[in-house]
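The shown structure was predicted, so the numbers you read here are calculated from the model rather than taken from an experiment.
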Amino acid sequence: MSDLKVLRLVKKSEGDLPVKAFTAEAVAEPEPKPAVTPSIKPVSATPIKSFPGSRKQPQKQKPQEQPNLSREEMLEIFRMMYLSRRLDDKEIQMKGQNRIFFQISGAGHEAILVAAGMCLKPGHDWFYPYYRDRALCLQLGMTPLEMLLESVGAEADPNSHGRQMPSHWGHKKLNIVSQSSPTGTQLLQAVGCAEAGYRVKLIRELKKLVRGFYNDEVVYVSLGDGTTSEGEFWEALNTACNLKLPVVFLLEDNGYAISVPVEVQTAGGDISKLISGFPNLYRQRCDGTDPIESLATMRRAVDNCRKNRGPSFVHAKVIRPYSHSLSDDEKLYRGEAERVSDAEHDPLKRFGALLVQEEIADQDELQKLKDIVDRDINEAADLALASPQPTPETVLDFIYSPSIDPTGPEFDTEDLLELSGNPGTMVDLINRCLHTEMKRDQRVIVFGEDIADCSREESLGQVKGKGGVFKVTANLQREFGSARVFNTPLAEANIVGRAIGMATRGLKPVVEIQFFDYIWPAYHQIRNELALLRWRSGNEFSAPMVIRVPIGGYLKGGAIYHSQSGVSLFTQIPGLRVVYPSNALDANGLLRTSIRCDDPVMFFEHKHLYRQAYNKSPYPGDDFMVPFGKAKTVREGADLSIITYGALVQRSLVAARQAEQQGVNVEVIDLRTLNPYDWNAIAESVKKTSRVIVAHEDTMSWGYGAEIAARISSELFECLDAPVRRVAAMDTFVAYAPQLEEAILPQVGDVLKAIMELRGY
């Protein structure tokens with residue numbers, strides 16, 4: 001069959017969106033002629049019957065560039081689509097045999113995904129797929145065996161090493177970043193991944209420190225139509241367009257989010273209309289069940305990004321011939337006529353019939369191809385089922401970095417401490433640590449809301465500069481430039497999601513959430529993405545970074561939304577280090593450890609302690625570090641122990657001095673880090689005094705102290721001469737009126753009362 005014969009299959013791309021990128025330059029200037037990509041040329045051909053919901057070709061629209069494919073390439077497209085479908089079918093069969101435990105298919109999405117994979121470069125570009133993207137991963141080079149190893153939960157599975165459900169794609173060699181179950185969380189990470197390349201281009205020194213960056217690299221991220229209802233979808237588009245990042249957004253619109261149809265999800269039923277106002281966004285739509293049209297569309301979209309013109313958005317209309325997953329039955333909510341209509345546009349049947357109709361291949365040739373694929377899948381399934389699962393002893397592997405231990409002696413320089421200069425506040429010493437670490441390591445990037453000195457650089461010489469609402473990041477932008485220190489949108493998930501993407505590429509983000517009270521939009525990214533990335537990928541991917549968070553009360557006027565202290569919501573997350581210094585010296589050393597370690601760190605900074613005179617310290621030197629999990633005995637005692645942290649350290653010391661006047665010798669232990677915490681220091685103190693109080697600013701019920709108290713009662717019961725007592729905030733919110741705030745939060749008097757009651761037990 002000649003290539004000219006094959007070209008009869010090519011048709012014009014359907015869609016009424018303009019083909020140009022919506023850039024500021026394009027608005028001001030005439031549209032440039034599209035550049036011709038190698039192996040693509042304009043043709044005019046009779047369209048294949050259009051897919052329902054696709055746009056009719058407007059009259060007088062110029063013909064779009066179309067792929068020039070050989071017979072072998074056409075057959076390979078069919079083979080890859082068939083391979084993807086049959087892997088779905090094989091998993092469905094294995095699930096019915098109870099040989100695997102979950103199945104979710106990519107059926108109906110194969111055409112657009114094979115096309116996408118043909119346009120992108122594995123190991124060069126970066127990929128953030130979602131669970132329907134089986135055909136893409138196959139096209140990029142993932143093997144059927146690797147997919148089936150994940151299905152059976154085998155240790156050899158490169159996606160997650162037996163830790164995630166099937167169709168949660170990840171492959172280190174191919175740059176397929178480990179995918180999770182939540183819909184839409186990958187979008188901001190993809191933007192951050194692309195932004196890492198953007199920052200590398202701006203920061204000359206980074207090119208020598210990080211590898212794997214290319215001037216023409218593209219980041220691919222896909223999503224279903226239901227995900228466009230997530231706020232992070234809009235945040236991702238906003239930043240990608242604002243920075244003109246090379247991200248290809250592929251929307252695989254099968255019309256349903258499980259059982260919810262698109263008209264219920266989306267105003268007007270068409271997300272392409274809703275995003276039409278985004279600048280710098282090259283928008284395309286296509287019939288995603290037609291591999292030829294899909295290939296032409298994806299080539300244009302990728303080419304736009306490859307030439308750094310900004311992001312591309314491809315809206316591909318596909319079908320879902322199977323239920324959402326094997327846990328769903330679409331017959332419960334989809335009528336038969338609708339399902340029959342989908343079946344008529346099955347991309348696999350449609351393309352196979354076309355190959356025969358146009359004499360590219362006959363039925364016997366296609367059947368031979370199918371037989372080979374079926375045989376290969378059966379062989380791969382046998383190998384996968386014989387592959388061992390991970391042993392139970394491995395369950396704790398890779399919760400944290402296996403190579404860098406921030407609790408180790410290399411991070412403990414307290415015995416070598418040499419102080420110099422005038423005493424500085426906690427703000428001063430945190431700021432100085434950031435300066436020295438940014439100078440030491442060019443990979444450190446600092447960003448968040450209001451943290452820059454002045455986003456409009458032309459005004460830097462005329463203004464004092466912001467540097468954060470508490471001035472903690474003052475003058476960082478002036479010294480290190482706007483490529484390394486910059487403001488973000490007022491969107492906490494945006495900050496953390498982008499940082500995860502950057503950290504995955506080897507940068508070291510140190511980001512700020514302006515107030516702890518507003519961290520909750522980012523909690524999804526922290527809990528389900530940041531802390532889990534290393535473990536769920538079996539150490540194939542990680543995102544070491546630092547999240548700085550001003551926290552706590554005792555500030556008159558803080559009230560409900562500037563005084564929260566819910567640290568236990570973070571300490572119970574495996575994979576996340578949680579640090580909480582009580583003074584300037586520890587803040588400097590702990591922040592340096594946080595930046596230099598290889599794990600994600602939540603670094604809590606108590607607002608009330610920022611500028612207190614009692615916790616000042618001279619500068620400890622540029623390499624001073626405090627290890628995680630090492631408590632500090634801030635007051636020796638023999639009669640009673642107080643285990644505490646943060647603002648309660650000073651209040652406990654004051655109460656201890658008052659108790660001393662009444663004949664009670666109190667020991668005070670400052671935990672300094674809450675995950676990990678120093679159990680040995682706690683145990684030694686309790687064994688010495690036999691009485692213990694756990695004091696903290698968090699609420700009494702379900703607060704952080706409950707865990708410490710429970711463990712003391714369980715493991716040190718025989719050492720106790722009295723019940724474990726807790727001093728904490730009341731089980732309510734912090735009020736605005738100073739008299740109410742004082743009653744709600746634990747005060748010196750509360751600690752002293754507990755000391756005297758426990759001493760007299």
Q) Under 3.5 Å, is there a donor-acceptor pair linking the side chains of E605 and Y610? A) yes

Q. If we ignore angles and hydrogens, is there a donor and acceptor under 3.5 Å between the side chains of E232 and H524?
A. no

Q. Side-chain donor-acceptor pair under 3.5 Å between Y677 and R711, yes or no?
A. yes

(Q) By the definition salt bridge (charged side-chain N to carboxylate O under 4.0 Å, His left out), identify the one residue from D678, D412, D670, D586 that meets it with K630. (A) D412

Q: Can you label the angle between the Y554 ring and the H608 ring as parallel, tilted or perpendicular, going by 30° and 60°?
A: tilted

Q. Ignoring hydrogens and geometry, is there a side-chain-to-backbone donor-acceptor pair from T394 to T391 under 3.5 Å?
A. yes

Q) Does one side chain, of D639 or T689, offer a donor that lies under 3.5 Å from an acceptor on the other? A) no

Q: Establish, from distance only, whether the side-chain atoms of E707 and Q572 form a donor-acceptor pair under 3.5 Å.
A: no

Q) Can you name the ring-ring contact (aromatic ring centres under 6.0 Å, His included) partners of F486, sequence neighbours left out? A) F447

Q) Do S180 and E529 get their side chains close enough for a donor-acceptor pair, meaning under 3.5 Å? A) yes

**Q.** Test: R432 cationic atom under 6.0 Å from Y619 six-membered ring centre, within 45° of axis
**A.** yes

Q.
What I want to find out is whether E660 reaches R635 closely enough, with some N-O distance under 4.0 Å, to be called a salt bridge.
A. yes

